[in-house]
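Values in this document were obtained by computation on a predicted structure and should not be read as measured data. The figures here come from the full heavy-atom set of this structure, side chains too, leaving out hydrogens, waters and symmetry mates.
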Amino acid sequence: MFVIPSKNRHVSGLKEGRWTGRSSSGDTIRRSGRSLLLIVILTAIIALISGCKSSQYAEWADRAAYSAVSEAQGAALGEAYQFDITYNPVDCNHYLRQAEGIDGNDVHVLTVEDALKVAFHNSRSFQTRKEALYSSALFLANVSRGWEGLLPSGGVDAVGEMTRTSRGGPEGGPDNTNRYISADGNYSLAKRLVGGGMLTLGASLDYVTNFLGLSDTMAGSLVQATFTQPLLRGAWKDLAFEDQHRLERDFLIEVYEFDRFRQTFAVNIMQQYYRVLTLRDTLENSRTNIKRLTTAYLTTKALVEGGQLRRTQADQAEQNLLGSQISFEQTQLAYSQALDNFKIALGLPISRELNLDYPGALKRLNENGPQPLPFAESSAIDTSFVTDTTLLRARAGARDAEKDVEIAENDFLPQLDLELAASAPGTDNAQPARIQTHRHTRSARLVFNYNLDQTDNRDAYRNAMISRNRAKRNLAEVEDTTTLDVLNSFRSLKQSKESYVLQAKSVAIAKRRTTLVGIERQQGEASTRDVLEAEDALNSSLNGLTSSLVNYTITRLEFLASLGMLEVAADEVLIEREIPFGYDRLQERYRYLNSREPDENQATTAASRESGEAETTEEMQGPFAEKAH
């Protein structure tokens, strides 16, 4: 609020009730009219303020946050998609489909594709991540006021008071009654400048009356404009805008990370889905193995009773059967726990009965087999340098650390600020809204401040230099780690694929071995140990085949997600991209986020790769390199 010094003594006098005497009838009428007008104005202001419901404030907040998210999506992703934090869980029954169960009967199951749709609507963790992005958007929209436009501020204060002082009756004189109302309001608009300046336009209105007449009513107003500009410390180098620059950039990165999170979230749901199916498959394999071992035990027991085999062979068969039953119980427990955890991941109640698509989903995986990668190892490393979010954060941190050194160095300069101001009062009492521009006041001053003790600035500057060096080392480490992660992923995928091929051969051999051992057992050429070993090998190879295929499928999807090769469509369907989707739009906006050039070791490594991989690398790099540029 702007202060009007010329009124202070009058206002205090009105509050103390020092104005006494009688007023004329005209004064009384005018006094009543002005008091009534003031009461009407105050009532209107109170009604206006109280009329804004909390739900309206929530709607305004949503409008600001959603607008910030939409604008950031366009800047970071190239297009905006629907974003809403309203939590409306869906009924899982709407997504159940009829499929053939393990026993051949039709059952209602939740497919992996529909599980993704349920998860995107019901998952609590996904909802929490959306709300975190919303909160960041709301905070950015708030702190951006004053930079993008004018920052409004102001308020209204009013006080009404009545006091009565008793003088002890007729001998002491009549009682003294004092009443007054005072009100003041102010409103200002501020604009922050990237050079450190601040422009403010403001107006204030004060009103005081003790209801004794027009002469005892005071009204005053003031219009003022101020401009402040640093000339040394914090001036001209966009240092004042630095915090806002980081907030805007980090929010764009957060929007890009959220888009990547949608992909990794879908892959995580698929991973848990297939983990449950893997345990279910292991459970069914174990159940089938128990049946075969039971048959082997009964056959061995009969042969022992007939004197054809020793008792130790029957004990061995029974021991293997008991071990398989124990393993079955353990697998049953693990399956139940994994299914319940999957229900939590989907946002479903634990008590809800849920059937997954078994064995249909695993059959389709086996029919398709391990899917190939769309690029070679060398191109994947290059792609990771324009898609990895950890590397993106590290580059931003290195730039910020460098800027912090510049800011700390600037703090050694003395403060020298230029302050310009101009104000004009309103016409007293009768027309306070009428500004008297001919009675304006203008002022200009320089504010100088310099602390002779620069120890704090010295320490801050040295720590900033250390942080800069640490950030550079961290960036180099993240770059090496990113390369290593790609190499490890390729090694893991290669191992999983080879394991699947070997497991498939192992299953074929184990089935043939089990059949041959059964025939040899009937001919008396195979021992009980041969039968048990064949059954155990078949059970292990079946479990290994499913596990290796699922591991390869999930590892491949995780790897593709890390390289921006996946996309969650509008209908919550996970699809593979033809080319990687990187953060090239962020790099165009902030040049310091660009990737470094490959070093000589990487160039030598890339040159030594096979010609087929080199051709694949060129095919992959062409359109994406042009896009990133």
Side-chain angles (χ1 to χ4, degrees), residues 57 60-78 80-81 83 85 128-153 189-200 228 230 233-261 388-411 460 463-464 467-468 470-471 474-475 478 582-594:
Y57 287 110
W60 295 338
D62 288 345
R63 189 183 309 166
Y66 292 149
S67 176
V69 171
S70 178
E71 183 179 352
Q73 287 175 341
L77 308 177
Y81 57 84
F83 178 82
I85 63 169
T128 299
R129 185 63 183 266
K130 287 199 301 182
E131 291 170 348
L133 181 62
Y134 174 93
S135 298
S136 298
L138 193 61
F139 176 76
L140 179 63
N142 188 10
V143 299
S144 296
R145 299 184 307 159
W147 290 109
E148 299 178 353
L150 297 177
L151 175 63
S153 63
L189 297 173
K191 174 65 176 178
R192 303 186 65 182
L193 307 177
V194 294
M198 171 76 76
L199 176 63
T200 304
T228 303
R233 185 193 306 167
W236 315 120
K237 296 183 179 180
D238 295 346
L239 299 183
F241 190 72
E242 178 61 22
D243 291 341
Q244 182 69 16
H245 171 86
R246 297 184 186 184
L247 287 174
E248 293 179 358
R249 179 206 60 202
D250 291 347
F251 182 67
L252 293 180
I253 295 178
E254 188 174 356
V255 168
Y256 181 85
E257 290 175 334
F258 178 77
D259 184 71
R260 180 65 55 81
F261 170 75
D388 189 88
T389 56
T390 304
L391 186 56
L392 180 64
R393 288 284 187 181
R395 290 176 185 147
R399 178 266 173 193
D400 291 347
E402 187 72 36
K403 193 68 175 181
D404 288 339
V405 174
E406 180 182 347
I407 295 174
E409 185 177 5
N410 181 264
D411 288 339
N463 287 328
S467 298
R468 176 184 60 185
R470 185 188 303 118
N474 178 67
L475 176 58
V478 172
Y583 38 75
D584 51 287
R585 290 177 177 83
L586 296 178
Q587 291 176 326
E588 291 176 0
R589 181 180 291 262
Y590 307 106
R591 293 297 181 181
Y592 52 81
L593 295 179
N594 290 327

Practice prompt. Give, for atom CZ of R249 and atom CG of L392, the distance between the pair rounded to the nearest 0.5 Å.
Written response: 8.5 Å
Discussion item. I'd like to check the salt bridge (charged side-chain N to carboxylate O under 4.0 Å, His left out) partners of R233; sequence neighbours left out, ordered by chain and number.
Written reply: none
Worksheet item: Is there side-chain contact between L199 and T228, with heavy atoms separated by less than 4.5 Å?
Response: no
Worksheet entry | L138 side, atom CG; Y66 side, atom OH - distance, nearest 0.5 Å | 10.5 Å
Worksheet entry | Straight-line distance of E406 CD to D411 CG, nearest 0.5 Å | 11.0 Å
Item to complete: Look up atom CG in L247 and atom CD in E242, then write down how far apart they are to the nearest 0.5 Å.
Response: 10.0 Å
Worksheet entry | For the student: nearest non-hydrogen atoms of M198 and R192, plus distance | CE-CG, 3.5 Å
Worksheet item: Does a side-chain N-to-carboxylate-O contact under 4.0 Å join E588 and R585?
Response: no
Fill in: pair R395-Y592: side-chain heavy atoms closer than 4.5 Å
no
Worksheet entry | Between CZ on residue F258 and CG on residue L133, distance to nearest 0.5 Å | 6.0 Å
Practice prompt. Evaluate the side-chain proximity of L586 to Y256: yes if any heavy-atom separation is below 4.5 Å, no if none is.
Written response: yes
Response to the item:
Between A398 and A471 the two heavy atoms that sit nearest each other are CA-CB, 3.8 Å
Discussion item. Consider salt bridge (charged side-chain N to carboxylate O under 4.0 Å, His left out). Of R468, R399, R246, which one does D404 pass it with?
Written reply: R246
Worksheet item: What pair of heavy atoms forms the shortest contact from L475 to A394, and how long is it?
Response: CD1-CB, 3.8 Å
Worksheet item: Is it the case that more than 12 heavy atoms not belonging to Q244 sit under 6.0 Å from its CD atom?
Response: yes
Worksheet entry | Shortest non-hydrogen contact from A190 toward T200 | CB-OG1, 4.1 Å
Worksheet item: Rounded to the nearest 0.5 Å, how far does CZ of R589 lie from CG of L252?
Response: 5.5 Å
Worksheet item: Of all heavy-atom pairs between N594 and Q587, which one has the smallest distance, and what is that distance?
Response: OD1-CB, 3.0 Å
Worksheet item: Just wondering, are more than 12 heavy atoms of other shown residues or ligands nearer than 6.0 Å to CZ in F139?
Response: no
Discussion item. Within the structure provided, determine whether T390 and R393 are in side-chain contact (heavy-atom separation under 4.5 Å).
Written reply: no
Worksheet item: Does the side chain of Y583 come within less than 4.5 Å of I253's, by heavy atoms?
Response: no
Worksheet item: Hey, are the side chains of V478 and N474 touching, using non-hydrogen atoms and a 4.5 Å cut-off?
Response: yes
Worksheet item: With side chains defined as the heavy atoms from C-beta onward, is the minimum distance between L239 and K403 less than 4.5 Å?
Response: yes
Worksheet item: Residues two or more places apart in sequence or in another chain: which of them pass ring-ring contact (aromatic ring centres under 6.0 Å, His included) with F241?
Response: W147
Worksheet entry | Over all atoms of both residues, closest heavy-atom pair of G196 and P230 | O-CD, 3.2 Å
Discussion item. Applying ring-ring contact (aromatic ring centres under 6.0 Å, His included), can you list everything that pairs with F251, at least two apart in sequence or on another chain?
Written reply: none
